[in-house]
Amino acid sequence: AAGAAKRFRATTEQASRSFFKPRLDDPVIHAGLGELLGADSKLGDLFALACGGDDAVFYDYNALRTEPGCARQPVHFDTPFQETPPLFTAFVALQTVTAAMGATL
């Protein structure tokens, strides 16, 4: 677990929230994304509908970690408003999350 924690970089606002960018060419990550966004997945269907179907481009993937006692992340935007949304974001919990574990929203 300590080795895995070293892959995370602290965000600028607080050390108890951190992230890392998994390599998209890693076979395990690629398989997980296929499961998350592939055929017969609710999130995959939603992204296909919102992003133009099979022509949509998957651009970025981050893993975010918060530690117990972490302050909540304020609601914010990642890009300025545009008539046609340039991107869509989804948070997917990889375990059951409780408030005691540290907040994201």
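What you see is a predicted model, and the numbers here were worked out from it, not measured in a lab. We're numbering straight along the sequence, starting at 1.
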Holding to side chain to side chain contact (heavy atoms under 4.5 Å, CB included), I want the full list of residues that pass it with T96, two or more places apart in sequence or in another chain. none
On a heavy-atom basis, which atom in A63 and which in P22 lie closest, and how many Å separate them? N-CD, 4.1 Å
By side chain to side chain contact (heavy atoms under 4.5 Å, CB included), which residues pair with D25, not counting sequence neighbours? R23
Rounded at 0.5 Å granularity, tell me how far CD1 in I29 sits from OH in Y61. 5.0 Å
For S41 versus L36, what's the shortest heavy-atom pair and its separation? OG-O, 2.9 Å
Among all residues two or more places apart in sequence or in another chain, which pass the side chain to side chain contact (heavy atoms under 4.5 Å, CB included) test with P80? none
CD on Q82 to CG on L87, rounded to 0.5 Å: 8.5 Å
Checking A90 now: which residues fulfil side chain to side chain contact (heavy atoms under 4.5 Å, CB included) with it, not counting sequence neighbours? L43, F47
Between V92 and L24, is there a shared hydrophobic cluster once you connect ILVMFWY residues whose side-chain heavy atoms come closer than 4.5 Å? yes
Quick note, salt bridge (Lys or Arg N to Asp or Glu O under 4.0 Å) partners involving residues 31-51, not counting sequence neighbours, are none
